Protein chains: 2
Amino acid sequence: MGIVERKEREREEMRKLILDAARKLFLENGFDKVSIRNIADEIEYSPATIYLYYKDKNELFFALHQTAFTKMIEEFAPIEQIEQPMDKLIEMGRLYLRFAFENPELYDLMFIMTAPIDALECREDIWDDGDRAFSILQQIVQACIDTGTIKHPDAEQAALMIWSSVHGLAALHLRRRLSMFGEEHVKTLVDETFNLFLNTIKKGL
Amino acid sequence: MGIVERKEREREEMRKLILDAARKLFLENGFDKVSIRNIADEIEYSPATIYLYYKDKNELFFALHQTAFTKMIEEFAPIEQIEQPMDKLIEMGRLYLRFAFENPELYDLMFIMTAPIDALECREDIWDDGDRAFSILQQIVQACIDTGTIKHPDAEQAALMIWSSVHGLAALHLRRRLSMFGEEHVKTLVDETFNLFLNTIKKGL
DNA sequence: TTGTTTACTAAACACTGTTCATTAAGTTTG
DNA sequence: CAAACTTAATGAACAGTGTTTAGTAAACAA
């Protein structure tokens with residue numbers, strides 16, 4: 001009998017319905033406007049129903065966090081076509097920064113907010129997405145080391161240094177700590193700083 | 001008559017009383033536990049009273065944000081004694097990272113949270129603290145350029161690159177995005193990455 | 001002493017995340 | 001088919017949040 005399969009399917013559909021409503025509200029109105037009651041209104045169910053499909057709000061945000069990683073990794077696809085590892089690395093950096101600027105809420109959710117991480121420390125799969133994204137970077141850095149364009153022998157260390165530098169730029173911007181340089185030309189400032197960083201690692205890393 | 005002066009003084013004392021209670025709760029129990037009612041309980045006044053001294057919660061957090069900057073800048077004092085600009089720069093980086101690790105809540109407030117920035121965009125003095133701290137860094141970078149230890153001619157760009165790199169490391173750690181490397185040896189990982197960054201800019205910047 | 005200004009607060013408003021007893025519908029069994 | 005059971009959904013409540021406002025009591029000025 002396919003009833004249990006149908007139930008399973010309906011359950012997944014409901015989880016998706018909730019998640020999509022949450023994403024819609026999140027992208028339209030920002031983090032603060034995503035309340036359980038707002039989501040419930042959006043999908044025309046009672047607030048309590050959401051708790052039948054997600055343990056709590058953090059778990060819901062973790063699910064959103066997962067879809068955001070999938071989206072970002074998809075956007076990295078074009079770098080596969082690039083031959084030179086260093087060119088790959090540079091393009092990945094650009095795509096990363098572009099993702100951060102074009103999807104500020106998603107980037108925030110992925111790398112800054114504590115909501116998706118809180119109270120989920122018990123789960124085994126919390127770091128799967130982060131690991132997956134980081135290992136893409138690390139592999140490219142390893143290729144740079146193998147071809148001699150990066151001298152430092154430890155790919156993990158080098159990758160972490162690169163990630164944190166680019167993240168720092170994105171995070172300072174998204175949390176409005178670069179406004180003192182004038183909100184209007186922050187984008188060019190970030191681009192210039194990114195280029196300076198590229199030149200520095202080309203020469204020094 | 002000194003009544004208006006005394007009133008002024010009493011007003012400042014009350015602002016300080018509220019601020020100190022807020023800081024106490026903030027450092028003891030974290031951001032979430034600092035509610036207007038908690039602060040009111042702590043100082044044995046009604047919640048509404050706080051609104052006679054601070055416009056809203058964001059303004060209160062901005063005041064806390066200011067004291068945090070003062071504390072950090074005080075901790076930078078020892079670098080004045082260092083002769084070589086590059087040594088100064090390195091020590092400043094170390095002190096910056098140490099401040100972030102030893103005062104995670106304060107660092108978060110200063111460079112990550114949006115609360116102290118939100119709705120205060122109108123005020124002229126929001127960026128004073130950030131500017132002051134950044135210009136300390138920029139001056140040291142300028143000294144490095146003048147003595148030839150840094151080749152890149154633009155001190156502002158170089159300083160921003162350095163800041164964002166170190167901030168990236170601190171921010172990823174504080175928002176628990178480095179836990180995938182194993183929570184226990186994050187500190188050494190950050191130190192290693194910081195050293196790699198130093199070597200890179202020494203050679204490449 | 002009267003009038004006015006100031007400091008303070010109780011109570012309310014509109015929210016928030018979350019839980020739980022109850023209802024209604026779907027499914028299985030006799 | 002009807003009775004028993006299981007499951008999905010909810011209304012209402014709890015305990016909390018930031019913030020506003022009307023009203024009171026004390027301090028001050030005339």
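Since we're looking at a predicted model, the values are computed, not measured. First the proteins, then the strands, lettered A, B, ... as listed; each starts at 1.
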Next item on the list: Round to a whole Å and report the spacing from CD1 of B:Ile18 to C1' of D:dT19.
Entry: 15 Å

Notebook entry, point to check: Expressed in angstrom and rounded to an integer, what is the separation of B:Glu59 atom CD from D:dG18 atom P?
Noted result: 15 Å

Check: Does NZ or CZ of B:Lys187 come closer than 6.0 Å to the centre of the six-membered ring of B:Phe101, within 45° of the ring's axis?
Finding: yes

Check: Just how far, in rounded Å, is C1' of D:dT20 from CD1 of B:Ile50?
Finding: 15 Å

Margin query: Check for me whether the distance between the ring centres of A:Tyr45 and A:Tyr53 falls short of 6.0 Å.
Written below: no

Next item on the list: Calculate the interatomic distance between B:Leu25 atom CG and D:dT17 atom C1'; express it in whole Å.
Entry: 15 Å

Using a cutoff of under 3.5 Å, can you pull out all pairs of nitrogen or oxygen atoms linking the protein to nucleotides 7-9 of chain D, with atom names and distances?
from  : atom 1 : to      : atom 2 : distance (Å)
D:dA9 : OP2    : A:Tyr53 : OH     : 2.4

Next item on the list: Grab the CD-P distance between A:Glu10 and C:dG26 for me, whole Å please.
Entry: 10 Å

Note to self: Does A:His65 form a ring-ring contact (aromatic ring centres under 6.0 Å, His included) with A:Phe69? I'd like the steps, not just the answer.
What the structure shows: CA-CA 6 Å; A:His65 162 278; A:Phe69 265 96; 5.0 Å; yes

Next item on the list: Grab the OH-P distance between B:Tyr54 and D:dT19 for me, whole Å please.
Entry: 14 Å

Next item on the list: Ignoring hydrogens and angles, tell me if any N or O in the side chain of B:Arg175 forms a donor-acceptor pair with the backbone of A:Ile112 under 3.5 Å.
Entry: yes

Next item on the list: Go through the side-chain N and O atoms of A:Asp146 and A:Gln142 and say whether any donor and acceptor fall under 3.5 Å apart.
Entry: yes

Check: For A:Tyr96 and A:Tyr107, does a side-chain donor sit closer than 3.5 Å to a side-chain acceptor?
Finding: yes

What pairs of nitrogen or oxygen atoms, one from the protein and one from nucleotides 16-20 of chain C, lie under 3.5 Å apart?
from   : atom 1 : to      : atom 2 : distance (Å)
C:dT16 : OP1    : A:Ser35 : OG     : 2.8
C:dG17 : OP1    : A:Ile36 : N      : 3.3
C:dG17 : OP1    : A:Lys57 : NZ     : 2.9
C:dG17 : OP2    : A:Ile36 : N      : 2.9
C:dG17 : N7     : A:Arg37 : NH1    : 2.7
C:dG17 : O6     : A:Arg37 : NH2    : 2.8
C:dT18 : OP2    : A:Tyr51 : OH     : 2.7
C:dT18 : OP2    : A:Lys57 : N      : 2.9
C:dT18 : O5'    : A:Tyr51 : OH     : 3.3
C:dT18 : O4     : A:Arg37 : NH2    : 3.4

Next item on the list: Would you please name every residue forming a salt bridge (charged side-chain N to carboxylate O under 4.0 Å, His left out) with B:Asp41, sequence neighbours left out?
Entry: none

Notebook entry, point to check: Less than 4.0 Å between a side-chain N and a carboxylate O, is that true for B:Glu12 and B:Lys16?
Noted result: no

